[in-house]
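Just so you know, these numbers come straight off a predicted model, no measurement behind them.
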Amino acid sequence: MSTTADPLAALGALPGVAESVESVRKAVDRVYGHRIMRRRSNAVTSEAALRAARGSAALSGADWALEEVRRRTDFGTDDEARVMGAALRLTAEAGQLLSIWRQSPLRVLARLHLVAAASDESRVGRPRQAGEPVDEPLIELPLPDAREVSGRLDGLADLIIAGSSAPALVTAAVVHGELLALRPFTSHNGLVARAAERIVLIASGLDPKAVCPAEVGHAEQGRAEYLAALEGYVSGTPEGMAAWIAHCGRAVEFGVRESTAVCEALQRGAA
């Protein structure tokens with residue numbers, strides 16, 4: 001990252017990022033302007049949350065049909081079910097943590113991991129320590145050691161607490177990418193990273209009603225493209241960082257498209 005006083009703002013000035021930011025803003029404005037949003041925004045929010053959880057779980061190995069997610073009530077029977085249950089819990093929990101995020105982002109991240117893991121093991125709800133393994137089989141990038149994780153988490157928290165003039169998309173993309181690169185917990189890092197991105201997009205005011213689920217867009221672009229874009233972030237090059245931010249922007253736009261379809265379906269039902 002840049003060493004300027006506001007490194008997130010510096011990322012916003014990378015070639016192509018302003019175009020991604022503007023495209024996302026226009027897309028979000030369109031769905032918020034839909035007539036259904038004036039009367040039934042709560043229904044759209046609920047549906048977006050379900051689809052967000054389904055998309056995030058798909059990227060962590062539980063690629064279920066949406067109707068299967070609706071139908072199931074037991075999420076503890078096997079590995080895929082547990083992943084889906086974790087994604088559903090995180091999506092629900094994210095909305096409860098918005099007021100804490102700007103003051104104590106590390107506390108929020110610890111809470112997200114605790115909710116995802118649903119366990120009282122000593123390794124849950126805190127960054128991993130030296131020698132502790134990480135269960136994140138779908139991300140095969142080099143794993144930073146615990147000391148680097150601690151330093152970079154503190155740096156990320158400082159950026160969030162200090163605030164930035166950077167667009168919400170840039171901040172959300174950096175939070176998401178940094179958590180995936182670090183994998184600070186012993187498990188569920190992908191789910192936590194996407195939940196943190198969700199919190200930034202909502203808390204920033206870009207998507208205050210949580211109707212633009214980026215998780216849907218990340219899943220729709222596919223795991224291969226997701227991981228390729230992440231490699232760009234990890235490279236630290238301007239081109240790689242810009243490509244990751246653009247990928248996250250497209251994810252939000254896909255989420256907008258999904259919720260617009262939900263609005264249209266609700267409008268037809270009300271006609």
Inset, instruction - Check whether any side-chain heavy atom of His34 sits under 4.5 Å from a side-chain heavy atom of Gln267, and report yes or no. - result: yes
Legend entry - Arg102 side chain to Ile160 backbone, donor-acceptor under 3.5 Å: yes
Legend entry - Working for side chain to side chain contact (heavy atoms under 4.5 Å, CB included), residues Leu112 and Leu97: CA-CA 9 Å; Leu112 290 175; Leu97 300 172; 3.7 Å; yes
Legend entry - Hydrophobic cluster membership, Val192 vs Leu143, 4.5 Å side-chain cutoff: no
Legend entry - Residues Glu253, Arg250: salt bridge by 4.0 Å N-O rule: no
Legend entry - Donor-acceptor pair, side chain of Ser46 and main chain of Ala43, under 3.5 angstrom: no
Legend entry - Minimal non-hydrogen separation, Glu80 against Gly61, with atom names: OE2-O, 3.5 Å
Inset, instruction - Decide, yes or no, whether a salt bridge links Arg183 with Glu136 under the criterion of side-chain N to carboxylate O below 4.0 Å. - result: no
Inset, instruction - State, with a plain yes or no, whether a side-chain heavy atom of Asp135 is found less than 4.5 Å away from one of Thr186. - result: no
Legend entry - Minimum-distance pair of heavy atoms, taken over all atoms of Ala86 and Ala116: CB-O, 3.4 Å
Inset, instruction - Nearest 0.5 Å please: distance from the CE atom of Met37 over to the OG atom of Ser259. - result: 8.0 Å
Inset, instruction - Starting at CG of Leu169, measure out to CZ of Arg25 and round the result to the nearest 0.5 Å. - result: 10.5 Å
Inset, instruction - For the residue pair Val21 and Val24, establish whether any side-chain heavy-atom pair is separated by less than 4.5 Å. - result: no
Legend entry - Close side-chain approach of Pro127 to Leu153, heavy-atom, < 4.5 Å: yes
Inset, instruction - Can you measure from CG (Leu109) to CD1 (Ile199) and round to the nearest 0.5 angstrom? - result: 7.5 Å
Inset, instruction - Would you sort out whether Ser104 and Val108 count as a side chain to side chain contact (heavy atoms under 4.5 Å, CB included), showing the intermediate values? - result: CA-CA 7 Å; Ser104 187; Val108 169; 5.7 Å; no
Legend entry - Minimum heavy-atom distance Arg128-Pro144, with the two atoms named: NH2-O, 2.7 Å
Legend entry - Sub-4.5 Å side-chain heavy-atom contact between Ser150 and Asp154: yes
Legend entry - Asp29/Lys26 salt bridge by N-O under 4.0 Å criterion: no
Inset, instruction - List the steps, then state whether side chain to side chain contact (heavy atoms under 4.5 Å, CB included) holds for Arg89 with Phe75. - result: CA-CA 11 Å; Arg89 291 192 300 273; Phe75 295 98; 5.6 Å; no
Inset, instruction - Could you state whether Val124 and Leu179 fall into the same hydrophobic cluster, counting links through intermediate Ile, Leu, Val, Met, Phe, Trp or Tyr residues with side-chain heavy atoms under 4.5 angstrom apart? - result: no
Legend entry - Heavy-atom side-chain contact between Leu90 and His188 under 4.5 Å: no
Inset, instruction - Provide the closest heavy-atom pair for Val17 versus Leu11 in the form atom of the first, atom of the second, distance. - result: CG2-O, 3.7 Å
Inset, instruction - Return each pair, listed once, that meets salt bridge (charged side-chain N to carboxylate O under 4.0 Å, His left out) where at least one residue sits in residues 54-67; pairs must be two or more places apart or across chains. - result: Arg54-Asp63, Glu67-Arg70
Inset, instruction - Measure the spacing between CG of Leu106 and CD1 of Ile161 and express it to the nearest 0.5 Å. - result: 7.0 Å
Legend entry - Non-hydrogen atoms of Leu50 and Val69 that approach each other most closely: CD1-CG1, 3.8 Å
Inset, instruction - Taking the side chain as every heavy atom from C-beta outward, state whether Leu180 and Tyr226 have any pair of such atoms under 4.5 Å apart. - result: yes
Legend entry - Ser56 and Arg198 side chains, donor-acceptor separation under 3.5 Å: no
Inset, instruction - Give a yes or no on this: more than 12 heavy atoms of other residues, nucleotides or ligands lie within 6.0 Å of atom CZ of Arg107. - result: no
Inset, instruction - Treat each ILVMFWY residue as a node, draw an edge where side-chain heavy atoms are under 4.5 Å apart, and state whether Leu8 and Ile202 are in one component. - result: yes
Could you pull out every donor-acceptor pair under 3.5 Å between side chains of residues 235-246 and any protein atom, sequence neighbours left out?
residue, atom, partner, partner atom, Å
Ser235, OG, Gly232, O, 2.5
Ser235, OG, Thr237, N, 3.3
Ser235, OG, Thr237, OG1, 3.1
Thr237, OG1, Gly240, N, 2.9
Trp244, NE1, Ala173, O, 2.7

Legend entry - From NE2 (His113) to OG (Ser119), nearest 0.5 Å: 9.0 Å
Inset, instruction - Determine, using the 4.5 Å side-chain heavy-atom cutoff (strictly less than), whether Leu14 and Val234 are members of one ILVMFWY cluster. - result: yes
Inset, instruction - Please confirm whether the backbone N or O of His247 pairs with a side-chain atom of Gln221, one donor and one acceptor, at under 3.5 Å? - result: yes
Inset, instruction - To the nearest 0.5 angstrom, please state how far the SG atom of Cys263 sits from the CZ atom of Arg40. - result: 10.0 Å
Legend entry - Thr260 side chain vs Val256 backbone, donor-acceptor pair below 3.5 Å: yes
Inset, instruction - Mind listing the closest non-hydrogen atom pair of Gly177 and Leu230 along with its distance? - result: O-CD1, 4.0 Å
Legend entry - Test item: Thr91 side-chain N/O and Ala87 main-chain N/O as donor-acceptor pair under 3.5 Å: yes
Legend entry - Heavy-atom side-chain contact between Asn189 and Ile139 under 4.5 Å: no
Legend entry - Glu68 side-chain N/O to Ala65 backbone N/O, donor-acceptor pair under 3.5 Å: no
Inset, instruction - Verify the distance criterion only: is there a donor paired with an acceptor across the side chains of Ser164 and Asp6 at less than 3.5 Å? - result: yes
Inset, instruction - State yes or no: do Leu191 and Met84 share one hydrophobic cluster built from I, L, V, M, F, W and Y residues joined by side-chain heavy-atom distances below 4.5 Å, directly or via other members? - result: no
Inset, instruction - Go through Arg223 and Leu59 one step at a time and tell me if the side chain to side chain contact (heavy atoms under 4.5 Å, CB included) criterion holds. - result: CA-CA 6 Å; Arg223 190 179 299 151; Leu59 288 168; 4.3 Å; yes
